[in-house]
K.L.:
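Following this message is one structure expressed as structure tokens.
Bear in mind that the values here come from a model prediction, so they are computed numbers and not experimental data.
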Amino acid sequence: MSERTELTTTKAPDPSERPTAPAVDIFEDAGGITLLADMPGVAKDRLDVKLDGDALSVEGRVELQGLTDMRALWAEVNVPRFRRTFTLSRELDASRIEANLKDGVLTLRVPKHAHAQPRRIEVKSA
Amino acid sequence: MFDTMLSRPQNLFDQLESLQRLLTRAAGVEGAPGGIRSVAYGAFPEINVGRTPNSVEVFAFAPGIDGSSLDVTIERNVLKISGARTSTIPKGDAQVQVYANERPQGRFSRAVSLPDDVDPRKVEAKYRDGILRVSIALSAAAQPQRISVQ
């Protein structure tokens, strides 16, 4: 390869370090949106829920105890990292997001702004 | 209408990603040995197996389950893990709109053939942070031992 190629080639990210997207359930009711994400092996102190503008991202690192001198015989989970980003819409109140982590399942509740909650519009008869 | 759809790139990328995942599943895991009890990539729960000098460790990535409802058995050197996971999506509510339902639910069961040199009487199972860890001790004959030189 020429020198030029070397200069312009940036270090490709290691594919084995690309985080896995956790499986999620997302549903909406009158009050807001609930999101559940499967993040097995992620403890509370290894979980990061971030809000940047309207981008809500969840990230977690899997911790397994006592892996020293362990040899893998079989691995279906190859990347010990989860990450997924969601775009929030305007009617959601990002300042009141509640996060709860239990048994490796992250539950996020994103409430709607009060003015965005559904209300019935009365039809007046003439 | 199409404009508004295209202005939400997130959805497009999500679709590409799910397509990629499907393709990965169809192609299988590269380089992984094909055991007779191996199942299609993406089965629930995902399982990793490791070996230490003294034990075989099985990790089942099964989040959101009551640990006591998990059933772990060993029979003729086959470890079986089964249980159930209930859906968290409220059913029968017309007000609820579901956008994603990717998390596996319902009854599940997976089996792992263990190496021949384990001692199935010495087993420990723990459930923590959504991972079930089963440690099966190696039989005494298979454990490393120091031989003193006379």
K.L.:
Can you tell if the side chain of A:Asp69 reaches within under 4.5 Å of the side chain of B:Pro53, non-hydrogen atoms only?
P.N.:
yes
K.L.:
Is it possible for you to say whether B:Ile89 and B:Ile65 belong to one hydrophobic cluster, with membership spreading through side-chain heavy-atom contacts below 4.5 Å?
P.N.:
no
K.L.:
For the side chain of A:Glu76 and the backbone of B:Ile47, is there at least one donor-acceptor N/O pair under 3.5 Å apart?
P.N.:
yes
K.L.:
Ignoring hydrogens and geometry, is there a side-chain-to-backbone donor-acceptor pair from A:Asp25 to B:Glu102 under 3.5 Å?
P.N.:
yes
K.L.:
With chain B as the partner chain, list the residues of residues 96-103 of chain A whose heavy atoms fall under 4.5 Å from it, by residue number, and write 'none' if nothing qualifies.
P.N.:
A:Asp103
K.L.:
Can you hop from A:Val105 to A:Val110 via hydrophobic side chains spaced under 4.5 Å?
P.N.:
no
K.L.:
Check each atom of A:Val24 against the heavy atoms of chain B and say whether the ones under 4.5 Å are side chain, backbone, both or neither.
P.N.:
both
K.L.:
So do the side chains of B:Arg85 and A:Asp38 get within less than 4.5 Å of each other, counting heavy atoms only?
P.N.:
yes
K.L.:
Check the pair A:Arg71, B:Thr52 against side-chain contact (heavy atoms from CB on, under 4.5 Å), reporting the backbone distance first and the verdict last.
P.N.:
CA-CA 6 Å; A:Arg71 194 160 55 85; B:Thr52 71; over 6 Å; no
K.L.:
Decide yes or no for B:Pro63 and A:Leu106: does some side-chain heavy atom of the first lie under 4.5 Å from some side-chain heavy atom of the second?
P.N.:
no
K.L.:
Under 4.5 Å, counting heavy-atom pairs only, tell me which of B:Ala62, B:Gly50, B:Ala100 racks up the most with chain A.
P.N.:
B:Ala100
K.L.:
Before you tell me yes or no, could you show the steps for A:Leu64 and B:Ile131 under side-chain contact (heavy atoms from CB on, under 4.5 Å), namely the whole-Å CA-CA distance, both residues' side-chain angles and the distance that decides it to 0.1 Å?
P.N.:
CA-CA 9 Å; A:Leu64 297 179; B:Ile131 293 183; 3.4 Å; yes
K.L.:
What residues of residues 132-150 of chain B sit under 4.5 Å from chain A when you count only heavy atoms?
P.N.:
B:Arg133
K.L.:
Find out if a path of hydrophobic residues (ILVMFWY) with successive side-chain heavy-atom gaps under 4.5 Å connects B:Tyr99 to A:Leu108.
P.N.:
yes
K.L.:
Roughly how far, to the nearest 0.5 Å, is the CD atom of A:Glu63 from the CG atom of B:Asp129?
P.N.:
10.0 Å
K.L.:
I'd like to know if A:Phe86 and A:Leu47 are part of one continuous hydrophobic network [Ile/Leu/Val/Met/Phe/Trp/Tyr, side-chain heavy atoms within less than 4.5 Å].
P.N.:
yes
K.L.:
Quick one: list whatever passes side chain to side chain donor-acceptor pair (under 3.5 Å) with B:Ser82, sequence neighbours left out.
P.N.:
none
K.L.:
Report yes if the side chains of A:Met70 and B:Glu57 come closer than 4.5 Å at any heavy-atom pair, otherwise no.
P.N.:
yes
K.L.:
Is any side-chain heavy atom of A:Trp74 closer than 4.5 Å to one of B:Asn48?
P.N.:
no
K.L.:
Relative to chain B, which of A:Ile33, A:Leu36, A:Asp29, A:Leu35 shows the most heavy atom pairs under 4.5 Å?
P.N.:
A:Leu36
K.L.:
Could you go through the side-chain contact (heavy atoms from CB on, under 4.5 Å) check for A:Phe27 and B:Gln97 one step at a time?
P.N.:
CA-CA 6 Å; A:Phe27 55 91; B:Gln97 177 75 41; over 6 Å; no
K.L.:
Is any residue of residues 115-127 of chain B within less than 4.5 Å of chain A by heavy atoms, and which ones?
P.N.:
B:Pro115, B:Tyr127
